[in-house]
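Structure record follows, encoded as structure tokens.
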Amino acid sequence: MISYIKGELAELSQEGIVVEAGGIGYAIRVPDSVLPQLPPLGNQVKIYTYLQVREDGVGLFGFLTRDDLEVFRLLLSVSGIGSKAALSLLSVLTPDELRFAVLSEDVKTLSRAPGLGKKTSQKLIFELKDKLSLEEAFEKQQAHAAEAAGAAAGDAAGEAVQALAALGYSQSEALRAVREIPNAGELTVEELLKQALRRMAML
């Protein structure tokens, strides 16, 4: 089993990414939410991986955190949820948002994932609710918020995230909105706020 791959980010495409490590280029499928968080091509990345072996082929799936990987595995344990649906969910929801959606039986939020209808969302909730703990979900959310605040503190992106949180948005919503802005590192706090608010208004 491949636990993770650490190497040079060689390619980006709609199909995923290619990471070169030890002279080998690994084609890895990733959620759409991962792409805006990746460094420029040629830089080093560490991708936590899941190797799926099936009769119709082999697939390698990748995530930036172990928590994302764990949630992906959890989703695959639901009957009728394959790798495509699991990636779709993690493309529109963070692990924290997904856990809370399941625990609160929020079918509408889960149905935001392309290709995931109301019936499948209800099935997902039914099969996962007993596998999740509200206390653990809160602990993970607080830990992620602390990490995000620490990583972003002192720069324009960090200030924009804090400003959005002060406006009532959740830390994860604010962080995602800022991360998805192209060339965020070159913009001022005011410019980041304007673009982030525009994006959040469209959701």
Side-chain angles (χ1 to χ4, degrees), residues 1-78 80-99 110 112-116 124 140 143-144 147-148 150-152 155-158 161 172-187 192 195-196 199 202-203:
M1 179 64 72
I2 303 173
S3 179
Y4 65 83
I5 296 173
K6 188 175 183 179
E8 179 184 313
L9 182 62
E11 293 179 26
L12 285 174
S13 72
Q14 291 185 337
E15 294 300 313
I17 64 176
V18 174
V19 176
E20 184 178 339
I24 300 173
Y26 295 89
I28 307 171
R29 294 288 305 278
V30 297
D32 292 343
S33 56
V34 164
L35 299 177
Q37 302 178 56
L38 293 170
L41 292 176
N43 283 263
Q44 292 286 305
V45 291
K46 182 177 182 179
I47 304 293
Y48 295 95
T49 56
Y50 176 85
L51 180 64
Q52 185 179 62
V53 180
R54 299 173 56 176
E55 292 182 4
D56 56 351
V58 177
L60 191 60
F61 301 88
F63 309 89
L64 290 177
T65 70
R66 287 192 183 278
D67 191 33
D68 287 2
L69 174 58
E70 288 174 10
V71 171
F72 180 74
R73 285 176 172 161
L74 187 65
L75 289 170
L76 292 182
S77 71
V78 177
I81 296 288
S83 56
K84 185 177 180 180
L87 280 182
S88 180
L89 276 161
L90 288 172
S91 291
V92 297
L93 298 173
T94 66
D96 290 328
E97 290 168 341
L98 196 146
R99 276 189 284 262
L110 293 173
R112 282 168 47 192
L116 202 77
L124 190 150
K140 284 183 179 291
H144 294 156
E147 288 174 10
D155 59 15
V161 169
S172 59
E173 287 176 328
L175 189 62
R176 173 181 289 177
V178 171
R179 278 178 171 171
E180 290 180 351
I181 297 172
N183 303 316
E186 302 172 10
L187 303 178
L192 286 170
Q195 290 198 37
R199 284 172 175 270
M202 294 170 62
L203 296 177

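Pairing each heavy atom of P31 with each of L90, the nearest pair is CB-O, 3.7 Å. Taking both residues in full, the closest heavy atoms of I181 and R199 are given as CG1-NE, 3.8 Å, listed atom of the first, atom of the second, then distance. In terms of heavy-atom proximity, A86 sits nearest to L76 at CB-CD2, 4.2 Å. When every heavy atom of S13 is checked against every heavy atom of L35, the shortest pair comes out as O-CD1, 4.5 Å. When all heavy atoms are compared, the tightest approach of P114 to S88 is O-OG, 2.9 Å. Scanning both residues, G62 and V30, for their nearest heavy atoms gives O-CG1, 3.4 Å.
The line from CZ of R73 to CZ of F61 is 12.5 Å long, rounded to the nearest 0.5 Å. The line from CG of L89 to CG of L74 is 11.0 Å long, rounded to the nearest 0.5 Å. Rounding to the nearest 0.5 Å places CZ of R66 at 7.5 Å from OH of Y4. Atom-to-atom distance recorded for L38:CG and I17:CD1 is 5.5 Å, nearest 0.5 angstrom. In this structure, L51 CG and S3 OG are separated by 12.0 Å, a value rounded to the nearest 0.5 Å. Summarising the geometry, atom CG belonging to L9 is positioned 9.5 Å from atom CD belonging to Q44; distances are rounded to the nearest 0.5 Å.
L93 is listed as a side-chain neighbour of L110, based on a closest heavy-atom distance under 4.5 Å.
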> Would Y50 and S83 satisfy side chain to side chain contact (heavy atoms under 4.5 Å, CB included), going step by step from the backbone distance to the final call?
Replying inline: CA-CA 10 Å; Y50 176 85; S83 56; over 6 Å; no
>> L60 vs Y26, test: side chain to side chain contact (heavy atoms under 4.5 Å, CB included). Steps then yes/no.
In response: CA-CA 8 Å; L60 191 60; Y26 295 89; 4.2 Å; yes
>> Run N43 and E8 through side chain to side chain contact (heavy atoms under 4.5 Å, CB included) and show every step you take.
In response: CA-CA 5 Å; N43 283 263; E8 179 184 313; over 6 Å; no
> After noting the C-alpha distance and the side-chain angles of I28 and V18, does the key distance pass the side chain to side chain contact (heavy atoms under 4.5 Å, CB included) rule?
Replying inline: CA-CA 6 Å; I28 307 171; V18 174; over 6 Å; no
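For S91 (side chain) and L87 (main-chain N/O), a donor-acceptor pair under 3.5 Å exists by modelled atom type. In this structure, E97 contributes its side chain and T94 its backbone to a donor-acceptor pair below 3.5 Å. T49 places a side-chain N or O within 3.5 Å of a backbone atom of I2 that can act as its donor or acceptor partner.
The pair R99-D67 meets the salt-bridge criterion, with a side-chain N (NZ, NE, NH1 or NH2) lying under 4.0 Å from an Asp/Glu carboxylate O.
Among residue pairs with one or both ends in residues 29-38, those qualifying as side chain to side chain donor-acceptor pair (under 3.5 Å) are Q37-R179; sequence neighbours excluded.
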